[in-house]
Amino acid sequence: MTRKLDIVYFAWVKERLGKTEDGLDILADIRTVEDVIDHLCRRDEIYHQVFADRSRLRFALDQQLVQPDTQLADARELAIFPPVTGG
Amino acid sequence: MTRKLDIVYFAWVKERLGKTEDGLDILADIRTVEDVIDHLCRRDEIYHQVFADRSRLRFALDQQLVQPDTQLADARELAIFPPVTGG
Amino acid sequence: MIKISVSPADFSAGEEIQKIAALGGGAVASFTGQVRGDGELVALELEHYPAMTEQALQSIAEEAAAQWPLHGITVIHRVGRLAVNDQIVLVCTGSDHRQAAISACSFIMDKLKTVAPFWKKEIWQDGSESWVEERQSDLDAAADWKKRT
Amino acid sequence: MIKISVSPADFSAGEEIQKIAALGGGAVASFTGQVRGDGELVALELEHYPAMTEQALQSIAEEAAAQWPLHGITVIHRVGRLAVNDQIVLVCTGSDHRQAAISACSFIMDKLKTVAPFWKKEIWQDGSESWVEERQSDLDAAADWKKRT
């Protein structure tokens, strides 16, 4: 059975992609956060452009900040956004 | 001509001396803050008692915190009080 | 006692300080951040990640509560469009000890700046917009606490 | 802009924060101290050295202004008889930078505790009175700033 991952975008990631979210079927070779990014970049040129400088991206899995090499495990939501600038 | 020094007391120094201030004629051998204390202690037993533990006394000359060995110079007011406890 | 609020509504720093003071600790520290009038800046647009924001602030507050003896912690962060001089954020901490209150307040702000999911967009008089970039000084400040604790 | 006030009158932390915030710096830190209800304590009697107090606080504020980029500093200290939970002291600092505002606020409190001529007498339910003793932790906190600066 294929699992589905919700992907949500914020700030300039959202603006430049022109969308707030995506759905992704998790295939067997998609294990980490970085695998999701790689997959999206292969899917469409726009991801390739927006995700070009990965040092400027931050990630949260099920609302917890994670590193790119974090395993997706059973996570349901991946958030991709720039470094935070609140306060 | 003899100079006069006003001496003011605060907190438990004032309470234990039973007075808020003193006047003192500055004689030639009274040069430092500590000399004033020594002089007062010779003058009356009450000073000897209240000033017994000098590590618990603090001093201000013309409203500036000073050390016991500070020269009186032209100061007009010496304050003697316990360590401060505001805030 | 931890209170977290994330909303467009303005707040009264004075009232929040009074509530923390009413807990009786004797020492209350606060930090208030507002939109600074930077040249041609008209407003900030504060975006956040609603599903994550409150729990991220709650975690920071709990981390502070574990490190310092605090009676109360209040963290308020506004979202949406904020004009120059509008208030953005309030952190208020109460303790028996002034250094605990001040350190915890400072810690919470430093962590908030680096891990709470807020993003600021600057809106300029000429109609242009720009996303605020993260600042190295904020990263350094947050990293400093790890060394100290 | 330095504002010093020493009087029996109560103050509003919120209003003082607003005044500092109105200077436009973006970052406002505050510390409020109040009489902590310690067991059988009824009140504190705050004595001071009127001829010296304001200038001592002014000097501390100027020292802070020389060390950090501040838009405003407010120091309010009450004197006279204060009941449990009454406010005693407020320090409020405004800056473009949150760490400057918080550090200056903390510095001013630490210095005030060790060099401003105030003395607290505790008044207890049984009618007894005792002068508060200086605390080593306050001396250490003030000494720490010398190492840092």
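Note that this is a predicted model, so its numbers are computed, not measured. Just so we're on the same page: letters track the sequence lines, and every chain starts at 1.
More than 12 heavy atoms of other residues, nucleotides or ligands sit less than 6.0 Å from atom CD of B/Gln71. Around CZ of B/Arg43, the count of heavy atoms belonging to other residues, nucleotides or ligands within 6.0 Å exceeds 12.
Using a 4.5 Å cut-off between heavy atoms, D/Glu133 touches chain B through backbone and side chain atoms alike. At a 4.5 Å heavy-atom cutoff, the contact between D/Lys121 and chain B is made by side-chain atoms alone.
Taking each heavy atom of B/Thr85 and D/Val132 in turn, the nearest pair found is CG2-O, 3.3 Å. Residues B/Gly86 and D/Lys113 approach most closely at O-CD, 3.4 Å, considering heavy atoms.
With contacts defined as side-chain heavy-atom distances shorter than 4.5 Å, the pair B/Val84/D/Trp119 qualifies.
Near-neighbour residues of residues 15-31 of chain D relative to chain B, defined by a heavy atom under 4.5 Å from a heavy atom of that chain, are none. Proximity to chain B at a heavy-atom threshold of 4.5 Å picks out D/Ile88, D/Val89 from residues 83-91 of chain D, in numerical order. Contacts with chain B (heavy atom to heavy atom, under 4.5 Å) involve these residues of residues 47-57 of chain D, listed by number: D/Glu47, D/His48, D/Tyr49, D/Pro50, D/Ala51, D/Met52, D/Gln55.
Considering CH2 of D/Trp131 and CZ of B/Phe10, their distance stands at 10.5 Å, rounded to 0.5 Å.
By the side-chain hydrogen bond (donor to acceptor under 3.5 Å, both in side chains) test, D/Arg81 pairs with no residue at all, sequence neighbours left out.
Between chain B and the residues D/Gly33, D/Ser59, D/Ala116, the largest count of heavy-atom pairs under 4.5 Å involves D/Ala116.
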